[in-house]
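See structure below.
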Amino acid sequence: MSKQVYLTGITTTGTPHLGNYVGAIRPSVEASRIASNRSFYFLADYHALIKSTDAALVKQSRLEIAATWLAAGLDPDEVTFYRQSDIPEIPELTWLLTCMAAKGLMNRAHAYKALVQENDESGSSDPDKGITMGLFSYPILMAADILMFKANKVPVGKDQIQHLEMTRDIAQRFNHHYGELLVIPEVVVEERTAVLAGMDGRKMSKSYNNTIPLFETEKKLRKSIMKIVTNSQEPGEPKNPDESTVFEIYRAFCDDEEASQMREDYAAGISWGDAKQRLFEKVNETLAEPREKYHQLMLSPDNINDILDVGGKKARIESKTLMDQLREATGIASR
Ligand code: TRP
């Protein structure tokens with residue numbers, strides 16, 4: 001059987017936090033070590049432009065995210081690791097796909113519909129207020145990312161399932177008109193993928209301002225962990241690990257044995273202070289080495305960029321080949 005192609009993109013806005021690490025970075029790095037797969041990981045900086053017009057932030061975030069993945073153990077020789085914007089064939093393919101995508105299909109995109117609904121609820125007379133074409137046609141750009149490299153499997157969070165369905169729909173329409181040139185991808189939803197809780201117990205997310213930083217100083221890590229909201233149970237009172245954010249985060253970092261020890265200690269009434277201290281020690285021990293590596297990498301952005309340049313060149317060998325075939329098939333090849 002030929003190798004399965006795994007591909008996933010990371011939108012380059014913001015600095016990765018503990019939730020990103022547990023939910024996306026760690027499982028992807030693990031998957032990339034499986035020799036029977038080919039993996040494509042890219043920094044979705046064209047997608048970042050949909051969310052932010054702050055050029056310095058987009059630039060900085062792309063660097064930080066690249067460094068985070070490398071520090072977490074991604075081996076750029078084993079995978080293709082690149083910037084989306086280094087592949088000019090992606091916007092080219094986006095246009096070919098735009099001509100295949102039904103507008104009605106885009107109207108049904110959850111992200112777009114949510115914004116229309118917000119406008120509606122705020123009493124605006126324009127349902128499309130503040131909505132750019134970039135946001136509206138975002139699923140087509142994402143389809144181009146995926147189809148360009150003939151991905152078979154696309155690991156994503158649940159919120160992205162619909163985009164994969166759209167990608168399949170658009171690709172099938174293309175193949176119907178021009179021949180079987182595009183590979184129809186499958187979504188991989190990591191059921192197990194922890195959606196980690198943040199300091200306030202809600203899902204850890206930048207928009208809730210409850211994130212625990214991944215590679216900031218040990219001191220800041222400790223401070224954030226000590227701020228995790230708990231109930232008011234006293235030391236000595238038995239506590240329920242399944243209703244505890246401290247336990248939930250601990251579980252994402254410890255092995256089975258440590259987890260059952262912690263469960264016992266909860267039952268025996270460990271104090272919140274002690275539980276948090278143990279959580280801090282565990283997370284800190286896990287992150288110490290990658291944190292060091294991250295800061296090393298961030299000292300020389302040129303080295304990071306060199307790695308991404310190489311990845312881009314590697315990726316373009318494939319994107320050029322496919323794009324030539326598609327130009328031929330659609331009648332726009334030069335001769
Ligand atoms: N839209 C994805 C997200 O917000 C990121 C992304 C862009 C992506 N292009 C992709 C994911 C292609 C998988 C495949 O999470």
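In listed order, ligands and their atoms are each counted from 1.
Counting only N and O atoms by type, the side chains of Arg222 and Asn284 include no donor and acceptor under 3.5 Å apart. Glu186 and Asn152 form no side-chain donor-acceptor contact under 3.5 Å, judged by distance and modelled atom types alone. Residues Gln60 and Glu64 bring a donor and an acceptor atom of their side chains to less than 3.5 Å of each other.
Near Tyr138, the atoms of ligand 1 lying under 4.0 angstrom from a non-hydrogen atom of the residue are 1 (N), 2 (C), 3 (C), 4 (O). Each of the following atoms of ligand 1 lies closer than 4.0 Å to a heavy atom of Thr8: 11 (C), 13 (C). Per-residue contacts place Thr11 under 4.0 angstrom from the following atoms of ligand 1 (heavy atoms of the residue considered): 3 (C), 4 (O), 5 (C).
Side-chain atoms of Glu216 never come within 3.5 Å of backbone atoms of Pro213 as a donor-acceptor pair (strictly under, hydrogens ignored).
Below 30°, between 30° and 60°, or above 60°: for Tyr21 and Phe253 the angle between ring planes is below 30°, a parallel geometry.
Ligand 1 has an N or O atom lying under 3.5 Å from an N or O atom of Gln160, backbone or side chain. For Asp145, a nitrogen or oxygen atom sits less than 3.5 Å from a nitrogen or oxygen atom of ligand 1, counting backbone and side chain alike.
Closest to atom 11 (C) of ligand 1 among all protein heavy atoms lies Gly9 N, 3.4 Å. In terms of protein heavy atoms, atom 7 (C) of ligand 1 is closest to His47 CE1, 3.4 Å.
Under 4.0 Å from ligand 1, not a single heavy atom of Ile10 appears. Contacts with ligand 1 closer than 4.0 Å are made by side-chain heavy atoms of Val154 only, the backbone lying farther away. Only the side chain of Val156 comes within 4.0 Å of ligand 1, counting heavy atoms alone; its backbone N, CA, C and O stay farther away. No part of Phe149 comes within 4.0 Å of ligand 1, judged by heavy-atom distances.
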side-chain contact (heavy atoms from CB on, under 4.5 Å) between Leu297 and Asn303, intermediate numbers included: CA-CA 7 Å; Leu297 285 159; Asn303 291 350; 5.6 Å; no
Candidate pair Asp242 and Tyr266, rule side-chain hydrogen bond (donor to acceptor under 3.5 Å, both in side chains), full reasoning: CA-CA 10 Å; Asp242 298 317; Tyr266 264 64; over 6 Å; no
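The minimum heavy-atom distance linking Ile87 with Gly312 is given by the pair CD1-O, 3.9 Å.
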